[in-house]
2 protein chains.
Amino acid sequence: MTDAEYVNIWMRPERPARGPKPVYSRAQITEAAVRIADAEGLEAATMRRIAAEIGAGAMSLYRYVPSRDNLVELMADRLMGEIDVTGMPSGDWRADLTQYADGLRAMWLRHPWIATVQRSLPSFGPNQLLLIERLMGVLDVFVSIDENLSLVAMLNSYIEGAAREEISSAGEFRRSGLSESEWMARSYSYIDRLVKSGEYPIFTKIVMEARQPHLSRDDQFRYGLRRVLDCIATALPSTAESPRPAHREGQAR
Amino acid sequence: MTDAEYVNIWMRPERPARGPKPVYSRAQITEAAVRIADAEGLEAATMRRIAAEIGAGAMSLYRYVPSRDNLVELMADRLMGEIDVTGMPSGDWRADLTQYADGLRAMWLRHPWIATVQRSLPSFGPNQLLLIERLMGVLDVFVSIDENLSLVAMLNSYIEGAAREEISSAGEFRRSGLSESEWMARSYSYIDRLVKSGEYPIFTKIVMEARQPHLSRDDQFRYGLRRVLDCIATALPSTAESPRPAHREGQAR
DNA sequence: GCATAACCGCGTACAACGTACCCAGTTGGA
DNA sequence: TCCAACTGGGTACGTTGTACGCGGTTATGC
């Protein structure tokens with residue numbers, strides 16, 4: 001009954017404060033779990049492993065967190081806190097959204113396991129909430145709330161999609177157990193076979209382009225981002241664009 | 001050695017053809033796994049459960065598939081085959097991309113568990129390859145290959161992002177073990193507390209809007225998609241837009 | 001025609017997982 | 001001072017992916 005009351009992690013108090021003082025803390029456990037996930041992937045962050053990391057017994061974690069799923073929620077919200085959105089409705093919406101985009105992408109690349117946590121239901125942790133307030137505050141003065149939602153969703157989709165692609169194509173060799181060069185050698189023969197078959201002309205062009213990219217990953221991201229921002233600009237009133245005209249090319253930074 | 005040769009599922013032959021005739025098949029196993037995942041989520045599609053579904057012993061599956069991870073790859077590629085891209089470079093790129101977008105979104109909503117399979121490395125199954133050829137063929141005549149990649153990535157990100165949001169906000173209550181109404185009642189109290197606190201004005205506006213949406217999910221998707229297509233249009237040469245002018249409003253269909 | 005190698009389905013077994021349950025020790029409020 | 005409410009954590013259970021090996025089946029070389 002009292003347990004069922006707190007289906008939501010964010011409503012459950014960390015410690016009811018009656019018995020002996022707890023030795024550990026949610027923050028400490030979350031930190032250890034993030035550390036392990038960063039180094040070895042999310043599936044390596046088992047309850048036993050996390051407990052060992054902080055020198056506790058496996059079952060002790062359940063004094064602080066109701067389940068592993070809930071701990072992952074905590075981890076995800078902790079990551080949201082890494083994105084710097086201080087002073088975010090600054091007046092220059094392009095600068096704000098660019099800073100946010102860079103921050104979110106960088107966070108994904110630092111913690112690629114975030115791609116594997118599916119929010120089965122929206123989870124509004126404190127960091128997530130703060131992010132929503134600041135980020136959506138940027139366009140709030142220009143457009144209606146549903147227009148804002150639509151635009152921010154498009155921006156977020158672009159960033160996450162780009163990050164997902166970077167993660168899957170460049171990193172995350174943990175799962176396969178192969179080193180990067182090993183995998184390259186293996187998959188090369190398969191891709192080579194596809195190319196040589198002549199049945200996939202466009203795929204072949206993609207492979208050739210990928211072998212000799214003339215844009216760095218950062219630049220590719222920036223290029224696509226500028227396109228998305230230009231797209232957002234068309235949905236804003238003309239008064240919004242004053243600090244930095246849409247058609248003039250600003251420097252990259 | 002001979003096993004290590006086939007790290008890639010698509011290079012491993014289904015059956016070496018020497019011993020007795022196999023009773024089952026990869027396609028049959030994949031089909032059963034998809035059926036279970038659709039009904040009860042991907043984590044319910046265990047090897048034992050899949051085997052039981054087709055009336056086989058658990059270990060028999062390993063005669064056809066090297067590991068569960070590889071089976072999931074097979075499942076994902078099977079899903080790609082559901083998207084109708086026949087005769088796709090039709091000349092009307094807007095119509096083509098709209099059809100693709102609707103198809104991909106519908107597929108995601110039919111198989112929400114696809115959101116939980118992370119391609120740790122790009123997996124080019126036959127259906128995936130065919131999709132790439134047809135889809136990227138649409139813009140191939142207008143732009144360079146890297147521009148095409150950038151545009152298609154943006155489109156895909158939008159579709160997947162929108163689908164992810166629909167899945168997490170509307171469906172997928174399997175994991176929590178709660179019914180929809182139960183969960184609504186629980187989370188309502190949390191959201192209500194956030195709203196009443198007055199600390200989150202924009203979040204509050206979002207909640208109010210969500211309670212009384214004035215656009216259906218389909219329309220929301222279409223609205224955002226049109227914006228993305230308009231954005232793509234600006235990157236295309238003016239000759240591309242002939243069949244359907246950008247500034248004239250076509251009917252929804 | 002027949003031995004044999006290469007396959008088949010699948011039962012058993014094992015390590016690793018999340019976590020229910022329990023117990024001894026600790027502590028703040030009465 | 002006592003006891004309820006906590007603490008850390010050991011043991012144990014059900015479930016998972018899958019390594020291994022068995023007895024039966026079949027295409028192939030002689």
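Reminder, nothing fancy here: chain letters follow the sequence lines and each chain counts from 1. Heavy-atom basis, side chains included; hydrogens, waters and symmetry copies ignored.
Here the side chains of A/Ile132 and A/Gln128 are in contact, with some heavy-atom distance below 4.5 Å.
At a cut-off of 3.5 angstrom, counting only N and O atoms as typed in the model, there is a donor on one side and an acceptor on the other between the side-chain of B/Arg63 and the base of C/dG9.
Place A/Arg68 and A/Lys21 on DNA chain C by their nearest nucleotides, and A/Arg68 ends up nearer the 5' end. Comparing A/Gly57 and B/Met47 along DNA chain D, the residue whose closest nucleotide (by nearest heavy atom) sits nearer the 5' end is A/Gly57. Across the interface with DNA chain D, nearest-nucleotide mapping of B/Ser67 and B/Pro20 shows B/Ser67 to be the residue nearer the 5′ end.
Between B/Tyr64 and B/Tyr24, the angle of the ring planes goes over 60°, which puts this pair in the perpendicular group of the 30/60° scheme.
For A/Arg48, the listed nucleotide lying nearest its side chain is D/dA12; candidates were D/dA12, C/dG25, D/dG8. Of the listed nucleotides (C/dG9, D/dA19, D/dG9), D/dG9 has the atom at the smallest distance from the side chain of A/Ser60. For B/Met59, the listed nucleotide lying nearest its side chain is C/dT12; candidates were C/dG18, C/dT12, C/dT19.
The residue A/Ala51 sits apart from the nucleic acid: no heavy atom pair falls under 4.0 Å.
Within residues 24-36 of chain A, no residue has any heavy atom under 4.0 Å from DNA chain C.
Using modelled atom types, one finds a donor on one side chain and an acceptor on the other under 3.5 Å when comparing B/Thr86 with B/Asp84. If you check the side chains of A/Asp218 and A/Ser216, you find no donor sitting under 3.5 Å from an acceptor.
The aromatic ring centres of A/Phe124 and B/Tyr190 sit 6.0 Å or more apart.
Whole-Å rounding puts the A/Tyr62 OH to D/dT11 P distance at 18 Å. Remark: C1' of C/dC17 and CG of A/Leu42 are 13 Å apart, rounded to the nearest angstrom. A/Leu71 has its CG atom 15 Å from the P atom of C/dC17, to the nearest Å. Between the CG atom of A/Leu61 and the P atom of D/dG8 there is a distance of 10 Å, given to the nearest Å.
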Please determine whether salt bridge (Lys or Arg N to Asp or Glu O under 4.0 Å) holds for the pair A/Arg164 and B/Glu160, giving the CA-CA distance in whole Å, both sets of side-chain angles, and the decisive distance to 0.1 Å. CA-CA 11 Å; A/Arg164 278 199 149 84; B/Glu160 291 195 14; 5.7 Å; no
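To the nearest 0.5 Å, atoms CD1 (B/Ile54) and CD (B/Gln28) are separated by 4.5 Å.
In terms of phosphate contacts, B/Tyr64 brings a side-chain nitrogen or oxygen within less than 4.0 Å of OP1 or OP2 of C/dG9.
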